[in-house]
Amino acid sequence: MEFRDVVKRRRMVRHFSTEPVSHDALVRIVDAGSRGPSAGNSQGHDFVIVTEAGTRARIAALCGEQGYVRQGFDPFLSEAPVHIVPCIREATYHERYQESDKVNDDGTEIEWPVPFWVMDGGAAVMLVLLAAVDEGLATAFVGTWELDGLRSELGIPADVTPLGVIALGHAAREKRSV
Ligand SMILES: Cc1cc2nc3c(=O)[nH]c(=O)nc-3n(C[C@H](O)[C@H](O)[C@H](O)COP(=O)(O)O)c2cc1C
């Protein structure tokens with residue numbers, strides 16, 4: 001697909017069919033997400049991939065799926081066959097920026113103008129969303145306040161922050177959109 005068409009077609013889709021996502025497509029999508037830029041080439045982001053239905057249902061609950069359903073949406077999180085949880089580790093950036101080519105002249109770490117670990121995480125998420133469109137698939141990103149719940153459900157270490165959840169699957173006709 002032409003890049004301009006990928007960009008035009010990308011949108012948050014909140015209803016998925018039961019059709020599974022092929023393993024090869026999933027690998028290509030996650031690979032695209034790993035090719036983003038990162039400050040100092042720190043690469044402080046990772047993806048947790050979830051396909052098991054019970055785990056997806058618990059993640060959906062942590063993201064407040066019932067609230068979406070009450071608003072008239074389909075249960076788009078639990079029905080999506082794949083969840084991709086993008087994660088960032090701030091400490092990786094501090095470790096990288098304490099290396100000799102990055103420290104200030106006096107050996108101290110830079111004053112961070114903006115939290116680049118969050119920016120890099122956003123860039124990684126965008127690549128995943130666009131790569132999914134290129135595969136003929138659809139995504140929805142949702143945030144959650146239940147970061148500790150996600151950590152404990154997925155075995156994510158305390159110093160790693162899950163940014164939210166990307167639901168991935170084949171688009172179905174939506175009852176409602178925003
Ligand atoms: C950082 C971020 C957080 C978002 N959080 C949610 C969310 O919690 N739930 C949701 O349904 N959509 C969420 N969205 C999706 C936005 O509502 C959506 O991107 C926006 O309305 C534009 O629609 P489009 O992406 O379909 O073009 C989020 C998007 C971003 C970029």
Side-chain angles (χ1 to χ4, degrees), residues 1-19 21 25 29-30 32-39 42-50 55-90 93 112-154 156 160-178:
M1 200 185 295
E2 288 288 332
F3 178 72
R4 66 175 68 88
D5 294 324
V6 171
V7 172
K8 268 190 213 158
R9 286 186 196 193
R10 188 224 52 82
R11 54 181 291 272
M12 302 300 178
V13 169
R14 297 182 179 87
H15 188 24
F16 297 93
S17 76
T18 54
E19 190 180 342
V21 169
I29 289 166
V30 175
S34 307
R35 290 177 181 274
S38 67
S42 302
Q43 299 181 30
H45 48 273
D46 287 289
F47 299 105
V48 180
I49 313 300
V50 181
T55 310
R56 286 188 285 108
R58 288 189 291 279
I59 291 172
L62 288 167
C63 294
E65 179 165 77
Q66 278 315 309
Y68 291 106
V69 170
R70 277 195 295 276
Q71 291 174 61
F73 292 102
D74 296 278
F76 62 96
L77 292 165
S78 50
E79 69 188 10
V82 179
H83 289 175
I84 300 175
V85 181
C87 297
I88 53 171
R89 181 172 178 269
E90 177 180 341
Y93 288 76
W112 289 88
V114 292
F116 283 158
W117 40 97
V118 178
M119 173 172 165
D120 294 352
V125 168
M126 193 70 227
L127 285 170
V128 166
L129 304 185
L130 294 177
V133 174
D134 196 40
E135 295 287 345
L137 296 166
T139 54
F141 175 88
V142 298
T144 174
W145 277 263
E146 302 284 351
L147 301 188
D148 282 336
L150 273 184
R151 285 189 183 98
S152 91
E153 182 64 41
L154 300 174
I156 296 170
V160 172
T161 302
L163 293 174
V165 175
I166 303 169
L168 169 71
H170 293 264
R173 183 185 288 269
E174 292 166 88
K175 286 182 201 149
R176 180 185 158 173
S177 191
V178 291

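Order of listing sets the numbers, starting from 1, for every ligand and every atom in it.
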Quiz item: Quick one: does Y68 get within less than 4.0 Å of ligand 1, heavy atoms only?
Solution: yes

Exercise. Report yes if some N/O of V142 lies less than 3.5 Å from some N/O of ligand 1; otherwise report no.
Key: no

Quiz item: Which residue from R11, M12, R14, Q71 reaches closest to atom 17 (O) of ligand 1 through any of its heavy atoms?
Solution: R14

Quiz item: Measuring from L129:CG to I29:CD1, what's the distance to the nearest 0.5 Å?
Solution: 10.0 Å

Practice problem: Return yes when atom CE of M119 has more than 12 non-hydrogen atoms of other residues, nucleotides or ligands closer than 6.0 Å, and no otherwise. | Solution: no

Quiz item: For residues 127-136, which residue pairs qualify under salt bridge (Lys or Arg N to Asp or Glu O under 4.0 Å), counting only residues two or more places apart or in two chains?
Solution: R28-E135

Report all side-chain donor-acceptor pairs from residues 166-173 shorter than 3.5 Å, counting only partners two or more places apart or in another chain.
unit_1, atom_1, unit_2, atom_2, d
H170, NE2, P20, O, 3.2

